[in-house]
Structure formats: C-alpha cells, structure tokens
Amino acid sequence: MYGYFRCPDCRKQWESSHVYGKPGECGAAYGQECKDCRIMCMPYRLENIKCSQCGQTDCECERRHVDPNKNHRSDLCGKCKAGLKCGFRRN
C-alpha cells in the first residue's frame, strides 16, 4: 500500500510505498517515525500502489512504483522495529 504521512508535532509530511495493512481490515498495521521528531506516525491516507509503467494496481511489470535504489530506513519503519520482515530490507 502507498501511504501519506503527517507528523502531528512538527507537521512534516512524507509519502511511502512501504505501508503494510492489517490482514482482513482496512488501515495500516504499522506506522513510520518522523525523521525529525522521532515519534511514530500513522498514515492519514492510503492507496493501492500503482505501477509507474502501466498505471494498474495489479500487474506483472518488472518495474513498479517503488524506487529500488532508494534506501529503506529500517530505523524509522514500524514493522522493522516490531522485529517482523518488512519485505524491503535494504538499509
């Protein structure tokens, strides 16, 4: 899932393609920490990830919306901090 985040303390905003839903429910199961305040934030909006090549949410394309060259911040990831496999462990 793709999430939109806003820190309630500093009002910083960011987006992430690493948002994990609750099985069988709508909503995010894990948040992400604000880089500045270091408080856990939950996304205020969620979307299905769309492929940057074909524009579909479910596709077979090789390259997806996720940038494989961008480092994953496991120090800010709620799922990683919970000790669970995130699906994108590049640090």
Side-chain angles (χ1 to χ4, degrees):
M1 294 173 75
Y2 195 86
Y4 296 83
F5 293 82
R6 182 184 308 117
C7 177
D9 283 1
C10 71
R11 310 303 286 170
K12 180 180 179 126
Q13 295 186 35
W14 69 95
E15 299 175 16
S16 176
S17 60
H18 298 287
V19 179
Y20 300 92
K22 299 173 185 174
E25 295 182 31
C26 294
Y30 305 95
Q32 296 182 0
E33 279 188 14
C34 172
K35 287 185 204 178
D36 297 333
C37 300
R38 304 301 285 201
I39 64 167
M40 192 60 68
C41 303
M42 296 302 284
Y44 65 87
R45 185 172 126 204
L46 296 170
E47 297 176 355
N48 288 325
I49 294 177
K50 291 183 183 175
C51 177
S52 59
Q53 285 186 321
C54 70
Q56 301 297 313
T57 55
D58 295 321
C59 73
E60 301 288 326
C61 295
E62 292 269 332
R63 299 180 76 180
R64 299 283 296 178
H65 179 83
V66 178
D67 182 353
N69 297 316
K70 188 174 181 182
N71 289 336
H72 176 62
R73 294 287 309 265
S74 58
D75 60 319
L76 303 175
C77 175
K79 191 168 184 181
C80 288
K81 286 179 158 263
L84 302 169
K85 278 195 160 186
C86 183
F88 191 79
R89 287 292 227 183
R90 187 169 172 227
N91 288 318

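Counting from 1, the numbers follow the sequence of the chain as shown. Both backbone and side-chain heavy atoms feed into the values below; hydrogens, waters and symmetry mates do not.
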**Report entry** Option passing side chain to side chain donor-acceptor pair (under 3.5 Å) with Tyr2 (candidates Arg45, Glu15, His18, Glu47)
**Finding:** Glu15
Report task. State, with a plain yes or no, whether a side-chain heavy atom of His72 is found less than 4.5 Å away from one of Cys80. Result ->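 Answer yes - side chains close enough.
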Query - Interatomic spacing from CD1 in Ile39 to CD in Glu33 - rounded to 0.5 Å - result: 9.0 Å
Query raised in the report: Hey, what do you get for SG (Cys34) to CD (Gln13), rounding to the nearest 0.5 Å?
Result: 11.0 Å
Requested in this report: Apply the test side chain to side chain contact (heavy atoms under 4.5 Å, CB included) to residues Leu84 and Tyr30: give CA-CA distance (whole Å), side-chain angles for both, the deciding distance (0.1 Å), then the verdict.
Outcome: CA-CA 11 Å; Leu84 302 169; Tyr30 305 95; 2.8 Å; yes
Query - Closest contact, heavy atoms only, Ser16 versus Gln32 - result: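 Result for this residue pair: OG-NE2, 2.8 Å.
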Query - Non-hydrogen atoms of Ala28 and Val19 that approach each other most closely - result: CB-CG1, 3.8 Å
Query raised in the report: Using 30° and 60° as the class limits, which term best fits the ring planes of Phe5 and Trp14: parallel, tilted or perpendicular?
Result: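 Rings of Phe5 and Trp14: parallel, under 30°.
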Report task. Show your working on side chain to side chain contact (heavy atoms under 4.5 Å, CB included) between Leu76 and Lys81 and close with a plain yes or no. Result -> CA-CA 8 Å; Leu76 303 175; Lys81 286 179 158 263; 6.0 Å; no
Query raised in the report: Are Lys35 and Asp75 within salt-bridge range, i.e. N to O under 4.0 Å?
Result: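 Judged by the 4.0 Å cut-off on N to carboxylate O distance, Lys35 and Asp75 do not form a salt bridge.
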